[in-house]
Each structure stands twice: as structure tokens, then as C-alpha cells.
There are 4 protein chains.
Amino acid sequence: MAPRTPGDRTGPRLRADAARNRAQILAAARTAFRELGTAAPLDEIARRAGVNIATLYRRFPDRDALVQQVVLDGFAAVAEAARRALETAPQDPLAAVERFLLRLVDERDTLVLPLIGGPVATSPEAVDLQGRIAPLLDEVLAHARSRGAIRPDVTHMDLITTGALVCRPMPYLPAEQAKALATRHVRIFVDGLRPGDARPLPPTPAHQDITVHLHPDTKGG
Amino acid sequence: MAPRTPGDRTGPRLRADAARNRAQILAAARTAFRELGTAAPLDEIARRAGVNIATLYRRFPDRDALVQQVVLDGFAAVAEAARRALETAPQDPLAAVERFLLRLVDERDTLVLPLIGGPVATSPEAVDLQGRIAPLLDEVLAHARSRGAIRPDVTHMDLITTGALVCRPMPYLPAEQAKALATRHVRIFVDGLRPGDARPLPPTPAHQDITVHLHPDTKGG
Amino acid sequence: MAPRTPGDRTGPRLRADAARNRAQILAAARTAFRELGTAAPLDEIARRAGVNIATLYRRFPDRDALVQQVVLDGFAAVAEAARRALETAPQDPLAAVERFLLRLVDERDTLVLPLIGGPVATSPEAVDLQGRIAPLLDEVLAHARSRGAIRPDVTHMDLITTGALVCRPMPYLPAEQAKALATRHVRIFVDGLRPGDARPLPPTPAHQDITVHLHPDTKGG
Amino acid sequence: MAPRTPGDRTGPRLRADAARNRAQILAAARTAFRELGTAAPLDEIARRAGVNIATLYRRFPDRDALVQQVVLDGFAAVAEAARRALETAPQDPLAAVERFLLRLVDERDTLVLPLIGGPVATSPEAVDLQGRIAPLLDEVLAHARSRGAIRPDVTHMDLITTGALVCRPMPYLPAEQAKALATRHVRIFVDGLRPGDARPLPPTPAHQDITVHLHPDTKGG
DNA sequence: GATGAATGAGTTTTCATTCAT
DNA sequence: AATGAATGAAAACTCATTCAT
């Protein structure tokens with residue numbers, strides 16, 4: 001199965017030129033959001049996309065609609081990375097976890113607003129995608145646990161958290177160095193996942209999945 | 001030696017009410033910057049601080065002056081945490097590293113814009129503070145290495161990077177959960193610092209210190 | 001003679017679907033103009049009519065063309081009401097006047113922009129229609145005067161003014177109540193037309209007909 | 001007691017220049033609303049008032065706040081006219097009614113959005129003013145009825161309705177002629193209020209006061 | 001004949017900054 | 001020292017109009 005093209009929609013098919021514009025807007029939005037935050041000027045995004053601001057508004061009726069689509073594309077990329085990790089998990093589950101995280105680092109331009117700490121996505125498509133990611137990672141972790149390759153108290157939330165942390169933009173750091181630092185961090189983190197004489201992990205306050213229970217107006221941490 | 005109060009300045013002493021206003025402005029700025037980014041509206045910051053916008057301008061002639069002071073206070077907090085880590089490093093250096101990172105997590109409200117990935121601070125005070133942090137951490141790491149308690153290729157940059165990652169705001173996550181997730185992440189990371197059969201770490205492209213060479217207009221990663 | 005269908009035109013006959021679209025556009029325009037004024041967004045009118053904005057433009061090359069047609073339809077309705085009033089004037093001229101006014105109230109949805117106080121219509125058709133209305137009303141009034149049923153100084157302008165007043169939209173009032181209030185007002189007004197000890201009416205500054213001399217850019221009263 | 005200056009407020013006193021600006025904004029808004037409707041461009045209003053658009057926004061946080069104040073001033077003028085009518089009602093109640101209506105006509109520039117058919121005002125001040133008008137007019141009518149000078153079924157609603165009708169702008173008619181036509185209309189209407197062989201008035205659907213029960217989103221008549 | 005799409009030119013609203021009190 | 005007030009400039013958003021399918 002081919003991966004979904006970022007930004008696919010379910011509505012009526014767009015004319016070719018409109019679809020191209022839409023893709024350019026989303027690409028420009030991803031970059032701008034990483035550089036300037038989700039409050040980035042929309043006309044700057046339109047300018048970078050090479051379209052008129054009104055064209056942007058035709059595709060995305062307000063800022064939130066644009067943010068939501070960008071978030072959704074991020075979820076899709078994470079889901080795809082998790083799916084691939086599961087493919088190679090049987091051979092070497094810990095390597096699969098590391099590849100999963102490094103893949104997220106590689107695609108962090110797309111993962112503008114990923115998961116933990118990003119804007120909440122409550123659209124049906126977003127909830128659906130979020131619901132798919134956890135089981136895939138759980139399955140990867142199950143492989144690792146059955147081999148004794150991983151400390152037992154690690155959960156998919158730890159992986160998602162780590163993905164979120166290492167993908168967040170470091171606006172003042174050249175991409176090359178940002179990637180190197182993230183790669184080193186992932187290496188150490190994954191080594192920390194091995195059982196050995198690992199100390200038990202502290203619990204999280206709520207045992208529910210966090211991602212899907214966020215509220216936009218909650219002051220966060 | 002008593003720790004510096006955040007926001008101390010070297011200029012003429014302020015009247016009591018003026019000093020109080022200044023402190024309230026800085027506190028409001030920290031919160032606003034975490035929630036809204038460094039482009040947060042200045043009158044919103046003034047409103048939260050309970051002062052008139054013109055009063056804010058009297059204390060900080062432009063946005064950058066305010067950002068710089070907030071960054072500086074962040075550096076001071078990191079330096080203080082590193083100093084304390086060094087005090088306990090002789091007994092258990094790895095525990096000292098973990099306490100260092102967890103202290104940063106606890107103070108992440110103050111560490112608004114810390115270190116890697118934040119705005120560049122080039123004021124003499126900031127450069128001075130940054131220059132103190134690395135040696136302190138190097139000394140902590142030296143203790144650990146001499147005991148064989150840590151993989152040998154870890155550097156102070158890895159610690160600073162990790163501190164930056166786990167302190168960045170997760171605006172949509174309740175503070176309680178954000179802290180819990182960060183704490184788990186730190187635990188795994190620190191366990192990953194142990195030698196054991198640790199794999200060697202990939203190198204960083206430039207061996208220079210990164211923090212002080214950043215430029216605000218560089219497209220980052 | 002069958003009454004003219006509102007919005008008939010003299011040009012080439014339209015295809016059935018085109019004619020339907022045109023009628024829907026005019027109906028939507030009437031409603032929108034009453035609710036939002038003649039500056040109502042054209043795409044809102046198109047949306048209400050269920051057609052694309054470009055279709056509206058095909059039928060009416062600019063806003064004024066649409067306004068003019070709506071005004072014209074209003075004049076046609078007034079002319080028709082005056083014609084009917086004249087039919088029954090011989091029996092009871094004052095009752096004919098009241099029926100004339102009440103008919104306008106009933107059709108006020110069509111009389112979007114009627115007569116006094118509305119946009120000026122200078123098209124030949126509009127001028128023609130306006131020129132027909134005054135003589136018809138004069139004839140009705142002549143019947144009344146010859147019977148002594150009306151105070152002598154009432155003119156057709158007073159009737160047209162009253163029609164304009166009672167037909168203007170009351171956007172925040174439920175239609176039911178708006179009609180009731182207008183009906184009561186008409187009753188009192190018509191009773192005020194009786195001779196009895198009626199006081200003479202104050203003169204109007206210009207004795208010319210007012211309607212056709214208006215200019216759109218004149219600041220009005 | 002001196003009449004309230006239009007636009008008085010209960011908040012903290014404004015600085016002299018700010019108060020002047022505020023008054024100019026309200027005057028410009030009245031004119032613009034009459035000419036262009038309540039959707040008149042706010043920057044046009046600011047321009048006419050000779051202030052920057054941002055100054056307008058400082059005084060009136062959104063369009064509705066401005067509309068509400070203009071409406072409120074209109075109510076105040078009506079209340080004042082009713083109060084004066086009551087003063088002279090004992091001598092000649094019908095003349096008092098006519099003067100009341102003609103005063104409204106004279107002040108129709110202030111009565112931008114009066115009463116029936118205008119935007120709903122639900123602020124405490126507006127409700128209070130509306131609640132004062134009806135009793136004043138009722139008292140005037142009581143004088144007239146006790147003298148047998150008026151048909152018995154006329155209510156204050158009929159007077160308010162008439163005031164609203166004759167004050168509504170006729171944007172395309174020169175002020176001079178608009179006033180003349182309104183004056184003639186008032187004369188006829190007031191003559192229609194005399195008892196004589198007056199026919200009974202049709203009832204209104206709801207016997208409650210209408211003005212204060214309107215809802216802004218109700219499609220009106 | 002109808003429509004999806006795009007755009008330039010507004011209009012609304014916000015915000016940084018300065019001034020006078 | 002602090003504040004109310006004002007403003008220019010920018011950004012969000014809307015709308016009339018045209019074009020290509």
C-alpha cells in the first residue's frame with residue numbers, strides 16, 4: 001500500500017492547479033510554523049507558497065483549518081514510521097525503535113506540530129490516526145519485551161514523547177547540527193531502553209492515553 | 001554566596017515600586033513567551049503584569065531587551081543547577097547528572113528560552129554565564145568518567161541539549177503530566193549514559209561549542 | 001391583461017434553467033437587500049440563490065444592474081396596485097386608497113426599494129412605470145374629491161410617501177408584528193385623510209414630482 | 001434637570017481630548033449609519049471624525065459597541081421628547097402628540113436607529129430608557145382620552161411606530177424635501193387620531209410591548 | 001450556460017511605539 | 001515614575017470581479 005500523500009482530503013477532487021496550490025500552501029505553512037510558530041503571518045505563508053492570500057483562505061477558511069491539516073499530516077507521517085518500525089521489529093526490535101525515532105528526526109520538517117505538546121487535533125481523521133499509532137508501537141514493544149530486549153515498563157507514550165521532543169524545532173541552530181544533536185540524543189535514549197540494571201520508571205499521573213485528551217485552553221507545562 | 005535574584009541589574013537601584021513592576025513584567029514575560037512564543041504581544045505581557053504598556057517600555061526599551069533579560073535569567077538558573085550538581089558529583093556523579101536535569105525540569109518556567117534552540121544572547125553577562133556552564137558540567141562528567149560510571153564519549157553538549165529538550169513548553173499538556181513525561185524521559189536518558197555495552201555516539205559536525213555561535217536569522221533545524 | 005411577471009425582460013428568451021436561475025437570483029437579492037441593504041455581498045446573494053457567483057455576473061453585469069431590476073419590479077408592483085385601486089375607486093374611493101396601501105404592505109418583500117427614499121431608477125422602463133403611477137393615483141384621488149370623501153390638499157405624493165414608509169424593512173421585528181403595526185398605521189393615516197375638520201397640510205418646498213429628480217450622491221434626509 | 005448629553009457614560013471620566021474624540025466619533029457614526037447603514041466602514045467613520053481608526057477601536061471595542069451607543073443616544077432623545085410632550089399635554093394633548101412626532105423628525109439625525117425596526121439594545125441603560133418612554137406616552141394619551149380628544153384604541157406603540165417610520169433615513173432625498181414629506185405625513189396621521197367616526201383599529205398579535213422582546217437574529221418584517 | 005478557481009483591492013482588527021499628562 | 005491616549009503600520013479576513021475549464 002502506498003503511503004498517503006500528505007494533505008489528501010476526502011472532499012470532491014480538486015482541479016489540478018488548485019491541488020498544486022494547496023500542496024504549496026501546506027509546505028509553506030509547515031516551514032513557517034516551524035520557524036515562527038503557529039501564529040506565523042498567513043500572508044507570509046501565502047507569499048512563500050506563491051499564491052494570493054485569498055487563495056489560501058479559499059482552501060483553509062481560517063488559521064485553525066490550516067494548522068489542523070498540518071497536524072494531521074504530521075500524524076500520518078508518525079503512523080507510517082510506526083508501521084515501518086513494526087515490519088523490522090521481529091528481527092531487532094530495539095533497532096526498530098531507534099530507526100523509528102531517527103525517521104521522525106529526518107522528517108521533522110513535516111512533523112511540525114507533532115503529538116505531545118502540539119495543538120490538539122480533534123477531527124475524526126486525526127483521532128483515527130492517533131488511535132492507530134499507539135497499537136503499532138505497542139506491538140513493536142511487545143516484540144522487544146518477548147525477547148527481553150527492553151526494560152519492561154517502557155510504554156508507547158515514552159516513544160511518542162521522545163519523538164515529540166527531538167522533533168521540535170531549534171530555530172537558531174543550523175539544521176545540520178540540530179540533526180546531529182538529536183541523533184546523539186536518540187542513541188543515548190535508546191541505549192537507556194535496554195534492561196540491564198535499569199531502574200524502574202516513575203509513573204505518569206494519569207494512565208490514560210494523553211494525546212487525545214488535551215484541551216486547547218488548558219494552560220500547559 | 002547567595003544566588004543572584006533573577007533579573008538583577010547593574011544599573012542604579014530602582015525605587016521599590018519600580019523594582020516590583022520590573023519583576024512582575026519579567027514573570028509575565030516568561031509565561032507569555034512560553035505560551036505564545038517570543039512574539040507574544042507586549043501589551044498582553046503588560047496586562048498580565050498589571051502595569052501600563054508604557055511602563056514596560058520604560059523598563060525595557062524594546063522587545064529584545066526583554067527577551068535578553070529573560071534568557072539571561074535562564075542561563076543563571078542553569079549555571080546554578082550545574083554548580084549544585086558539581087557539589088554532589090563526588091559521591092554519585094550519575095545521580096548528580098540526573099538531579100541536574102530534573103532541577104531544570106522543575107524550573108522550566110524560568111528556563112523559558114534556554115540554551116540550544118533559543119534566542120542567541122550575546123551580552124557580556126550572557127556570554128560570561130554561558131562560559132561558566134560548560135566547565136562546571138565538564139567537571140561533573142570528569143568525576144563520572146574517573147569512576148567509570150559513564151560512557152566515555154558523552155559531552156556537556158549532550159547534557160545541555162537534553163536540558164533544552166525537556167524544558168521546552170508543551171503548551172497543550174497540563175503541567176502535571178508534562179512534568180511526569182519529562183521525568184520518565186530523563187530517567188531513561190540517564191540510564192542510557194551508563195557504560196555497559198553502550199554503542200559509541202555519532203560525532204557532531206562541528207566540534208566547537210554551539211551555543212555561542214548562533215545567529216538569529218539562520219534558518220534552523 | 002395578465003400582470004407582468006416580476007423580472008421579465010425584453011431581450012432574447014432565456015433557456016429554462018437560465019430563467020429559473022435569474023428568478024432565484026432576484027428573489028435572493030430582494031431578501032438580502034431588505035436584510036442587509038443594497039450593499040449586501042453579491043456572493044451571499046448567489047449563495048442564497050443556489051448559483052455560482054459567476055452565474056450571477058452573467059445575468060447582471062454589476063451590482064447596479066441587479067439593484068435596478070429589483071427596483072423596477074417594485075415599481076411594477078406599485079403600478080399594478082394603483083391600477084387595481086382605480087378599478088374600485090368609483091364605489092368607495094377611500095377604501096380603494098386603504099386597499100392600495102395594504103396591498104403594498106402585503107407585497108413589501110417585493111417592494112424592496114420603493115419610490116421615495118430608495119435608489120434612483122433612470123432606465124426607460126423605470127421612468128415609464130413611474131410616470132404611470134402618479135396619474136393612476138391622481139385619478140383615484142379625483143374620485144374621492146368629487147365625492148367630498150377626502151381632504152382636498154392630499155396629493156399622490158402623500159400616498160407614495162406613505163407606501164414607502166410602511167414598506168421599509170423592520171429587520172429586527174418578526175414579520176407578523178411588523179405587518180400588524182403597519183396595518184394599524186395605515187388605518188389611522190387613512191382616517192386622517194377624511195375631510196371633517198381636517199387642518200390644511202403644510203406645503204412641500206418643490207411642487208415638482210420628487211421621485212424622478214433624485215441623485216444617488218445627494219445627501220438625503 | 002438638564003437633559004443628558006448624548007453619549008454620557010458611567011465609567012471613569014475621560015480626559016478632555018479623549019472625550020472630544022469620543023463625541024466626534026459618535027457624531028460621525030450617526031451620519032454614516034444613516035447614509036450607509038450600520039455596516040458602514042469603520043475607517044470611514046474614523047476619517048470623518050478626524051481620528052485614527054485605532055482610536056475609534058480604543059473607545060468602542062467593536063462595531064456593536066458603537067451601534068449600541070448610537071442607539072442608546074436615540075432612545076435618550078425619544079425619552080426627552082416624550083417628557084416634553086407630557087409637559088404640554090394638559091393644555092392640548094393632540095398638539096402635544098404632534099409636537100412629539102415633529103420633534104423626532106427634527107432630530108432624526110440623532111435618531112439613527114430608533115425603536116421599532118432598529119438594532120436591539122439590551123444593555124441595562126437601554127432597557128431602562130425604553131421602559132421610561134412607554135409610561136410617558138401613556139400618560140399623554142390618558143390626557144387626550146379624558147378629554148375625548150383621541151380615538152380610544154390608540155396606544156403608545158402606535159406613536160412609537162410612527163416615530164420610527166417618519167425618522168428612518170431617505171438616503172436619496174434632499175433633507176429639505178424629506179422633512180416636508182414627513183411633516184405632511186405626521187399632520188395627516190395626527191388628524192387620523194381624532195375620534196369622530198374613526199373606525200376601530202385592528203389588534204396587534206401580541207399585546208406585550210414589542211420593542212424589548214426583539215431578537216437580533218430573527219428575520220424581520 | 002454554468003462553475004471552480006484565482007486575485008487585487010478593500011475593510012477589520014491588532015500591535016508596537018510614542019507622546020502628553 | 002507611571003499612565004491614559006493616540007497613532008502608523010501590519011496582519012487577518014472579506015468581497016467584487018475576471019478567467020479558464
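Protein chains get the first letters and strands the later ones, always in sequence-line order, with residue 1 at the start of each. Computation of the quantities below employed the complete heavy-atom set of this structure, encompassing side-chain atoms and omitting hydrogens, waters and symmetry-equivalent molecules.
Evaluation of the side-chain contact (heavy atoms from CB on, under 4.5 Å) rule for B/Ala32 yields B/Ala40, B/Ile45, B/Arg48 as partners, not counting sequence neighbours. D/Arg58 is linked by a side-chain hydrogen bond (donor to acceptor under 3.5 Å, both in side chains) to nothing, counting only residues two or more places apart in sequence or in another chain. For D/Arg47, the side-chain hydrogen bond (donor to acceptor under 3.5 Å, both in side chains) partners two or more places apart in sequence, or in a different chain, are D/Glu44. Under the rule for a side-chain contact (heavy atoms from CB on, under 4.5 Å), the partners of A/Arg20 that lie at least two apart in sequence or sit in another chain are A/Asp17, A/Gln24. Evaluation of the side-chain contact (heavy atoms from CB on, under 4.5 Å) rule for A/Ala19 yields A/Leu14 as partners, not counting sequence neighbours. Listed by chain and number, the residues in a side-chain contact (heavy atoms from CB on, under 4.5 Å) with B/Ala65 are B/Phe60, B/Pro61, B/Asp62 (sequence neighbours excluded).
Here the range on DNA chain E touched by chain A, meaning any atom under 4.0 Å from one of its heavy atoms, is E/dG4 to E/dG8.
At the phosphate of F/dA2, OP1 or OP2 sits under 4.0 Å from a side-chain N or O atom of B/Arg59. The phosphate of F/dA1 (OP1 or OP2) has no side-chain N or O of B/Asn21 nearer than 4.0 angstrom. Taking only side-chain nitrogens and oxygens, D/Arg15 never comes nearer than 4.0 Å to OP1 or OP2 of F/dT3.
Here the side chains of A/Asp73 and A/Arg30 are in contact, with some heavy-atom distance below 4.5 Å. Two residues are said to be in side-chain contact when any heavy atoms from C-beta on lie closer than 4.5 Å; A/Val71 and A/Ser123 fail this criterion. Side-chain contact check for A/Gln69 versus A/Leu26: some heavy-atom pair is nearer than 4.5 Å.
For the pair B/Ile53 CD1 and F/dA2 P, the interatomic distance rounds to 14 Å; values are reported in whole Å. Between D/Arg58 atom CZ and F/dT3 atom P there is a gap of 13 Å when expressed in whole angstrom units. A straight line from CG of B/Leu36 to P of F/dA11 spans 17 Å, rounded to a whole angstrom. Rounded to an integer number of Å, the gap from A/Leu56 CG to F/dT14 C1' is 14 Å. Remark: C1' of F/dA12 and CZ of A/Arg63 are 8 Å apart, rounded to the nearest angstrom. The distance from atom CZ of A/Phe60 to atom P of F/dA12 is 15 Å, rounded to the nearest whole Å. Distance OH (B/Tyr57) to C1' (F/dT3): 15 Å, rounded to an integer number of Å.
Projected onto DNA chain E by closest heavy-atom contact, A/Gly50 and B/Ala39 fall at different nucleotides, the more 5' of which corresponds to A/Gly50. Residue order along DNA chain F, read from the 5' end via each residue's closest nucleotide, puts D/Asp17 first among A/Pro61 and D/Asp17. If B/Asp43 and A/Asn52 are placed on DNA chain E by their nearest nucleotide, the residue sitting closer to the 5' end is A/Asn52.
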Side chain to side chain contact (heavy atoms under 4.5 Å, CB included) between B/Val70 and B/Thr110, intermediate numbers included: CA-CA 8 Å; B/Val70 167; B/Thr110 304; over 6 Å; no
Watson-Crick and G-U pairing of DNA chain F written in dot-bracket, each distance under 3.5 angstrom, with | for inter-strand partners: .||||||||||||||||||||
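Contacts of B/Ala54 with the nucleic acid, taken as non-hydrogen atoms under 4.0 Å apart, include base atoms. Heavy atoms of D/Asp62 sit nowhere under 4.0 angstrom from any nucleic acid atom. At a threshold of 4.0 angstrom between heavy atoms, the contacts of A/Ala16 with the nucleic acid are absent.
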